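For reference, the structure is listed below as structure tokens.
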Number of protein chains: 2
Amino acid sequence: MARLAGVSISTVSRALRQPDIVSPDVRGRIDEAIARLSYRRNVVAGALASARGMTIGVIIPSIINSFFAATIEALEQGMAGSGYQLLLGNTGYSAETERQLVSSFLAWSPAAMVLTGRRHQSETVGALLSSQIPVLEMWELSDHPIDMIVGFSHRSVGQIVLQHLARRGARQLGFIGAYMDKDYRTADRRTGFVEAALQSGYDAPIEVHLPERASAIGGATGLKELLARNPGIDAVFCSNDMIALGALFEAGRLGLAVPGDLKICGFGDLEFAAACEPPLTTVRPPGREIGLQIAKLLRGRLEGTTDGGGSFDLGVELVPREST
Amino acid sequence: MARLAGVSISTVSRALRQPDIVSPDVRGRIDEAIARLSYRRNVVAGALASARGMTIGVIIPSIINSFFAATIEALEQGMAGSGYQLLLGNTGYSAETERQLVSSFLAWSPAAMVLTGRRHQSETVGALLSSQIPVLEMWELSDHPIDMIVGFSHRSVGQIVLQHLARRGARQLGFIGAYMDKDYRTADRRTGFVEAALQSGYDAPIEVHLPERASAIGGATGLKELLARNPGIDAVFCSNDMIALGALFEAGRLGLAVPGDLKICGFGDLEFAAACEPPLTTVRPPGREIGLQIAKLLRGRLEGTTDGGGSFDLGVELVPREST
DNA sequence: CTGAAAGCGCTAACAC
DNA sequence: GTGTTAGCGCTTTCAG
């Protein structure tokens, strides 16, 4: 290949990485040879030689969860054309699995690592730190990120919802949350909600904690249980729109008018929320924005701009619709 | 590291790959040294030396689409512990993007490639073929797969739905499909439905084609348009449960009883389908099963069992509920 | 601006 | 069963 272009191997390598530092005619010959041989640079060899790979390890709890899927898609789009490839791993909400994933991803000598959340095993943090690469945590906030963190405050989500329901005249509050022993972000939203409720003089919200992942079925059974425990409940915060959807249908089956008899608020602003009857009030997390911001920070770091770490709060937005 | 264990480098390499061909005491010393130095094998160097990487390139139209997310998750679980990593790419339903992705994935010398669908650009197929690695297509069937294909027939989905609606006494049919110029699997479901309808003596179904991706909002507007075009429609096949959900809500707003005035059938058996009011009749595609089957085939191929190519039909299942 | 030489960390023959 | 010897295809000094 170098022979065909009549230049040395190293010149080819240079031409490929920084086309403008080689003379135009040499570049032309190389481009031509590349086309003729349909040559493709071997990323693996490149990674080995330069000791920095062209992968970015991304670890999320679950790819099924559309919150993270949106972030991944945005991240991928944001990194498109950079030559970096995403290596994806699911923890299934297990810190131990996360540790294993980090460990095996580091064997790829990735250019950077992206993790979900701020709570990790100490070995995980240690491995990350000693790898010396940019580390991005996401979907939460922290005063002491490993390196950089971009997300929002789940407690404020709970607070915002409480304030909204209070404004709409809620009297007795309910809460349905799923998978809270594993998904501590959901637990944070609950905490923000409950604390704000108590501070505002409400009775403690009646709570149903679903053991499984958020689902519409769970929302339906959750609402039934909630009302069985206290029929006076007139406003319920569901930790996820999917739960809210199930609660909405269940309210219909129970003959409860929404929002007249029961106000329902979700979280996620999933695509169907606006199409429900009544349209679902919810809180929109910056899922895509997180991915794009990470791509931006990553490109900055990887292309040399050595700005330090930090915490980036992308905020959330209450989307008031007719269900509250 | 080899020095610490008092053995040669190649012995270490052997011990790591086939632990049982080295003597137990040497193995012990190596294990200890690994622990002491918290050594991690460099996959990149391994890939370069052996010319076969430990990645599996997986290309899907969109990670946001929960159908594919389910497959990916199952595939990941099926490959867990094998040491292979998934490299994920989204085509955004573009064959051209697919070609680029295949091209850049091949630079990683992956152990195998997994693509969605059976229709690819000829360069894509050529590149894949010349790479000599196992290639898996999925979510469709084909008599002439590149290598192996695992999926089901989208046309039969349409046929099954038609038969079901006919049994339930449908008289005038409607169809709402999304993104059909890009997503030809949806188009196949439509074809199966329309052909079967005509064969069964129905008038041609009234069709609404949504330009965007499947969404509940689209389902709502789609149903409205459908009924505007022919108020006599009493059964509608929605190409996706999300569309069906929107149609369900819209039917409620229009004061139509489901299934009394209007039967609605979806596709996907998305998690909320069972929780709707009324619960949604739908067709369940074998999303997880596809992922698991691919993992099985892949492991067979990668571990030597050289069974040839083939087409694996995993079938679909009608899930009759109360909406029809 | 270009070429030569020395590896990156591992695997894969091949001897011992 | 274990050690030796060559590379894998690139990047990266370092000279010219």
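Not measured: the values here are computed from a predicted model. Labels below follow one simple rule: chain letters A, B, ... track the order of the sequence lines, proteins then strands, and each chain is numbered from 1.
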Integer-rounded Å distance: [N] [atom2] and [X] [atom1]:
X       : N      : atom1 : atom2 : answer
A/Gln18 : C/dT2  : CD    : P     : 13 Å
A/Met54 : D/dC10 : CE    : C1'   : 13 Å
A/Leu48 : C/dA6  : CG    : P     : 18 Å
B/Arg29 : D/dG1  : CZ    : C1'   : 12 Å
A/Ile30 : D/dC10 : CD1   : P     : 13 Å
B/Leu16 : D/dT2  : CG    : C1'   : 16 Å
B/Ile9  : D/dG7  : CD1   : P     : 17 Å

Among [options], the one nearest [X] by side-chain distance:
X       : options               : value
A/Ser50 : C/dT11, D/dT11, C/dC1 : D/dT11
A/Val7  : C/dG9, C/dG3, D/dC10  : C/dG3
A/Ser10 : D/dG1, C/dG3, C/dT2   : C/dG3
B/Asn42 : C/dC10, C/dG3, C/dT11 : C/dC10
A/Ser8  : D/dG9, D/dC10, C/dA4  : C/dA4
B/Ser13 : C/dA12, C/dG9, C/dT11 : C/dT11
A/Ala49 : D/dC8, D/dG3, D/dC10  : D/dC10

Are [X] and [Y] close enough for a salt bridge, meaning some N to O gap below 4.0 Å?
X        : Y        : answer
A/Glu140 : A/Arg119 : yes
B/Arg29  : B/Glu32  : no
A/Asp147 : A/Arg301 : yes

Give, for atom CD1 of B/Ile21 and atom CZ of B/Arg27, the distance between the pair rounded to the nearest 0.5 Å.
-> 11.0 Å
Using a cut-off of strictly less than 4.0 Å, decide whether B/Arg41 has a side-chain nitrogen or oxygen near OP1 or OP2 of C/dT11.
->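 Yes.
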Using a cut-off of less than 4.0 Å, is there contact between a side-chain N or O of B/Arg17 and OP1 or OP2 of C/dA12?
-> yes
Contact class for [X] (heavy atom, under 4.0 Å): base, sugar-phosphate, or nothing?
X       : answer
A/Val43 : nothing
B/Val44 : nothing
A/Arg14 : base

DNA chain D: 5'-proximal contact among B/Ala45 and B/Asp25 (nearest heavy atom) =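 Of the two residues, B/Asp25 wins.
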Judged by atom type as modelled, is there a donor-acceptor pair below 3.5 Å linking the side chain of B/Thr116 to the main-chain atoms of B/Ile59?
-> yes
